[in-house]
Amino acid sequence: MSFALEIRNLKKAFGGLEVTRDVSLTLAGGARHALIGPNGAGKSTLVNLITGVLKPNAGEILLGGREIGNLSQAERVKRGLARTFQVNSLFSTMTVAENVALAMVAHDATDARLVGDISKDAKLSARIEEHLARLNLAEAADRLVSSLSYGQQRIVEVALALALQPNVLLLDEPAAGLAAKDVEILLGLLKGLPTTVSVLIIEHDMDLVFRFAETITVLVDGQVLLTGSPDAVRKDQRVRDVYLGRRHG
Amino acid sequence: MPSLSTLLSLFIDGASYGMILFLIASGLTVTLGIMRIINLAHCGFAMIGGYAALALTSWMGLPLLVALPIAILLTMAIGFLLEQTIYRVVYRTHEFGQILMTLGLTYLMVATINLIFGSLMQNIPVPEPLSGVWLAGGLTVSKYRIFLVAVSAGVALLLWTTFEWTTFGTRLRAAIDNPRMARACGIDVGRLLSIAFAAGCGLAALGGVLGAQMLPLEPFYALKYLVLVLMVVTVGGLGSLKGSLLAALALGLIDTFGRYFLPELGAFVIYVTVFAFLLIRPRGLFQNA
Amino acid sequence: MRELRDPSALPEMRSALRTHRLGWFEVVMLAVFAAVYYLLPGYLPLATQVAIMIIFAISLDLALGYGGIETLGHAVFYGIGGYAAGFYALYVWQEPISGLLVAALVAGLFGVLSGIVVLRAKGLTLVMLTLACATMVHEFANSMRAITGGDDGLSGYRIDPVLGLFRFDLFGRTAYVYSVCVLIVVFLLARIVANSNFGLVARGIRSNSQRMQLLGVPVLNRLVLLYAVSGALAGIAGALSAQVTKLVGLNTLAFTLSGNVLIVLILGGIGRLYGAVIGSIVFVALSDRAAAIDPFNWLFILGGLIVLVVWLAPDGIVGRFSALTWQFRKQERKP
């Protein structure tokens with residue numbers, strides 16, 4: 001059986017600087033996987049490699065067992081790999097419902113349909129309502145994204161990615177800049193995600209990571225230091241060294 | 001194949017035409033570079049300068065060379081006044097609001113000129129010592145055209161020195177390159193812009209007066225030559241004086257030669273060229289802004 | 001009710017998706033157009049101009065208001081549609097409706113071709129490219145004097161009675177009714193497009209084209225399609241003008257027309273279709289009145305009006321109004 005996402009021996013160098021050296025990673029179906037590591041460990045580069053912003057120098061990226069390393073970002077989205085962005089990149093002049101509808105229309109590939117009133121598409125409306133209800137956004141459906149609080153905007157960001165019905169969801173620092181109570185809300189929502197989605201979360205908030213993830217990969221200097229359960233990671237001396245700033249030999 | 005002398009006089013015609021376009025466009029490219037607003041009224045300042053000189057010479061009987069600086073100062077004053085008032089609003093609105101407001105302003109200029117001077121096409125008579133032609137070895141060159149090329153080359157040089165060698169120029173370049181950064185460095189971008197705006201109006205006025213032979217004065221002047229001036233700026237690259245100079249010269253030459261060799265196509269040649277060029281280099285010759 | 005929650009507590013999907021609804025505005029407009037026919041027969045030619053301008057402005061609203069395509073050269077479609085209809089009547093067939101369709105097709109095709117090259121650019125470059133494109137076609141028409149008539153314009157063609165029944169009369173009655181009918185069809189067509197999935201995607205592109213691309217939508221492709229649809233509708237406006245005035249002048253391709261239609265749209269307000277209607281009425285009526293009072297100085301009024309409107313109501317007349325009604329509706333929902 002193939003993994004939802006499998007990364008084999010991925011390498012990326014910028015000039016002489018090796019930022020990703022031989023990273024391998026697997027996400028099973030329904031995985032709750034977190035990627036952590038100190039600043040400069042190469043987390044962002046890895047995200048960019050997986051999503052297609054950057055092209056790897058070597059290695060393979062398989063989505064559901066199929067190589068996607070040469071596809072564009074948009075094509076990877078079509079294959080079921082969705083992501084959220086660190087910096088809000090929403091349709092800020094549009095309503096929450098419109099944002100979600102855009103993702104759904106893009107996913108259904110019905111975006112070139114010139115006829116048929118979108119608000120009379122009962123199926124779509126029901127899907128949007130259900131989707132928003134699941135993320136506690138139903139009340140805000142008709143509000144402009146730009147008028148929402150930062151925390152709510154982050155949740156819309158997740159809603160947009162989820163509306164693409166991905167097999168694999170990449171959360172790029174979803175809690176960055178969130179207040180503690182918003183982190184709780186976010187965690188609640190993430191815990192409620194359907195098991196059909198495998199989640200890879202990149203996050204600095206260790207509390208969130210340890211409460212959410214079932215597997216954690218620690219990335220240091222562009223290499224996997226270890227992959228294991230939260231307990232195993234918590235107890236590992238090397239991880240402590242890295243986070244306490246001692247040089248890892 | 002036309003004779004060498006024809007080619008040469010075509011070249012001088014084209015170059016002087018290009019230099020006039022440059023004078024008019026130079027102020028626009030600087031303000032565009034800083035503020036990123038499309039000032040559609042800019043050509044109107046060339047028109048105001050031209051008409052001011054016309055009024056001074058034909059109504060008050062002043063010689064052109066005396067009327068010229070007065071006309072330039074007058075246009076700068078008007079430009080400064082507008083910049084302090086209406087343009088403050090223009091800067092604040094959205095991109096299309098800016099286009100429309102400056103278009104509305106252009107209409108007001110057209111209407112005002114029309115009210116004062118009537119709708120007929122007018123010429124500013126060339127002063128005696130500059131009229132006529134020089135004959136040199138079978139070559140006939142209009143004295144005025146040579147004068148034009150010389151004066152505008154001088155102005156271009158002056159501009160270049162100001163831009164490259166003075167603190168004002170350095171600040172201006174910084175503001176064009178990155179207005180926010182310039183502001184953070186303590187440069188008063190607003191004041192800089194006001195000065196550049198007024199100076200640009202003066203340059204446009206100079207172009208309007210001197211170029212009246214080629215671009216005859218009429219109320220719709222401000223709209224008629226606007227497209228051409230905008231193209232000079234875009235082809236040159238926003239905020240780049242060097243680019244505008246090259247673009248203006250190229251446009252003047254291509255247009256003049258195009259009309260001579262392909263008269264049935266008229267101005268079509270120049271627009272096809274510009275269109276094709278912008279497709280290949282969408283940000284113009286020099287992309288320093 | 002499908003669910004037990006209070007239906008008034010949650011926003012309706014229709015308003016959350018902000019689609020265009022038919023309502024009292026359309027009814028009032030129809031009544032006004034009918035009233036003009038019966039009460040102001042002397043103004044029919046002017047009212048016909050209004051109808052044509054509305055069609056043209058609606059086409060621009062699709063491109064600019066929905067897709068965010070910033071153009072200073074929309075007259076190119078109007079002019080091409082006009083010349084296409086003129087040539088069609090001159091050389092092929094004098095039947096008017098097929099003439100409109102041919103014009104729409106030609107203008108739409110030009111939209112595809114020019115869109116593919118122009119729409120890759122953004123911002124200022126896009127503005128300049130659309131301007132250069134329109135000026136290019138303008139100069140081309142000017143230089144092809146033998147075919148287009150140059151400055152004198154294209155004329156000397158006949159137009160058959162509409163549907164073989166209604167002959168174009170001297171008072172402009174047929175022209176008026178014909179134009180209003182075409183307007184209604186175009187309005188409904190534009191409304192269908194605006195309310196469709198594609199219309200939503202167009203708004204999405206305007207809002208954040210990069211994210212749209214990342215959602216897997218081929219943005220350039222969609223913009224070209226939108227540009228073509230918009231161009232086809234503008235072509236219909238130009239063709240209509242050619243048919244009712246029996247003249248296609250170079251001014252149908254001119255920069256001033258591109259500027260004027262922008263003014264119309266900003267006057268009315270962009271991105272809501274109504275704006276085109278209100279803006280056209282105000283613009284055409286005003287320029288006619290101003291020109292009647294003082295034929296040489298009407299640009300004063302026009303220029304002053306533009307400056308004032310952008311200054312005081314940057315979202316247009318309808319924008320001001322609908323902002324108020326929107327607030328009102330929200331208050332109604334959550335008292």
Side-chain angles (χ1 to χ4, degrees), chain A residues 51-53 72-79 82-83 85 88-122 124-129 132-133 138-146 160-161 163-164, chain C residues 2-3 5-7 9-22 62 66 68 188-226 228-229 232 271 326 329-330 333-334:
Chain A
T51 53
V53 180
S72 71
Q73 294 185 68
E75 284 165 327
R76 293 181 200 204
V77 172
K78 288 245 179 266
R79 297 282 176 88
R83 72 171 292 186
F85 291 81
N88 275 337
S89 53
L90 298 161
F91 302 95
S92 58
T93 58
M94 302 177 80
T95 65
V96 173
E98 283 169 343
N99 270 265
V100 170
L102 278 171
M104 289 180 171
V105 164
H107 174 260
D108 300 349
T110 54
D111 58 289
R113 202 182 277 169
L114 283 160
V115 291
D117 193 317
I118 191 163
S119 62
K120 287 187 185 139
D121 185 339
L124 184 72
S125 292
R127 267 169 70 199
I128 297 171
E129 277 176 359
L132 292 178
E139 290 276 347
D142 66 344
R143 286 187 54 192
L144 293 182
V145 167
S146 58
L160 210 60
L164 294 166
Chain C
R2 201 156 34 81
E3 285 169 66
R5 63 186 174 214
D6 178 11
L10 282 177
E12 258 183 87
M13 213 25 72
R14 231 168 44 147
S15 68
L17 290 174
R18 295 187 302 172
T19 48
H20 183 276
R21 307 178 208 182
L22 292 176
L62 278 185
Y66 281 82
L188 293 176
L189 279 177
R191 187 181 166 273
I192 290 174
V193 173
N195 283 355
S196 69
N197 291 9
F198 179 70
L200 180 76
V201 168
R203 284 192 281 147
I205 292 173
R206 183 186 176 205
S207 178
N208 188 344
S209 71
Q210 209 181 349
R211 186 61 191 267
M212 209 67 236
Q213 185 83 41
L214 289 177
L215 285 178
V217 172
V219 167
L220 177 63
N221 234 316
R222 298 297 175 260
L223 281 178
V224 170
L225 178 58
L226 182 68
V229 171
W326 202 62
R329 217 182 284 147
K330 285 214 89 157
R333 192 163 61 75
K334 289 174 188 165

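The chains referred to below are lettered A, B, ... by the order of the sequence lines, with proteins before strands, and numbering in each begins at 1.
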Before you tell me yes or no, could you show the steps for I118(A) and N195(C) under side-chain contact (heavy atoms from CB on, under 4.5 Å), namely the whole-Å CA-CA distance, both residues' side-chain angles and the distance that decides it to 0.1 Å? CA-CA 6 Å; I118(A) 191 163; N195(C) 283 355; 5.6 Å; no

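For the atom pair E129(A) CD and E12(C) CD, the distance stands at 9.5 Å (nearest 0.5 Å). Expressed to the nearest 0.5 Å, how far CZ of R222(C) lies from CG of D111(A) amounts to 4.0 Å. Taking CZ of R211(C) as the reference point, atom CG of N99(A) lies at 8.5 Å (rounded to 0.5 Å). Rounded to the nearest 0.5 angstrom, T19(C) OG1 and E98(A) CD are separated by 9.0 Å.
Ranking N221(C), L225(C), L200(C), I192(C) against chain A, the residue ahead of the rest is L200(C), based on heavy-atom pairs under 4.5 Å. Chain C forms more heavy-atom pairs under 4.5 Å with one residue of R76(A), H107(A), E75(A), M94(A) than with any other, namely M94(A). With chain C as the partner, the residue from T93(A), V77(A), L114(A), T51(A) showing the most heavy-atom pairs under 4.5 Å is L114(A). The residue among D117(A), L160(A), L164(A), D108(A) with the most heavy atom pairs within less than 4.5 Å of chain C is D117(A). Contact tally against chain A (heavy-atom pairs below 4.5 Å) for R206(C), M212(C), H20(C), R191(C): the top residue is M212(C).
Residues L17(C) and A101(A) share a closest heavy-atom pair of CD2-CB, 3.8 Å. Of all heavy-atom pairs spanning A106(A) and V217(C), the tightest one is CB-CG2, 3.7 Å. Across all non-hydrogen atoms, the minimal contact from A141(A) to A16(C) is O-CB, 3.7 Å.
Under a 3.5 Å cut-off, the side chain of N197(C) and the backbone N or O of T110(A) do form a donor-acceptor pair.
In this view, Q73(A) and V53(A), L214(C) satisfy the side-chain contact (heavy atoms from CB on, under 4.5 Å) rule, not counting sequence neighbours.
In this structure, the portion of R83(A) lying under 4.5 Å from any heavy atom of chain C is its backbone and not its side chain. With a 4.5 Å cut-off on non-hydrogen atoms, V115(A) touches chain C through its backbone and its side chain both.
Side-chain atoms of L90(A) and S207(C), non-hydrogen and from C-beta on, never get closer than 4.5 Å to each other.
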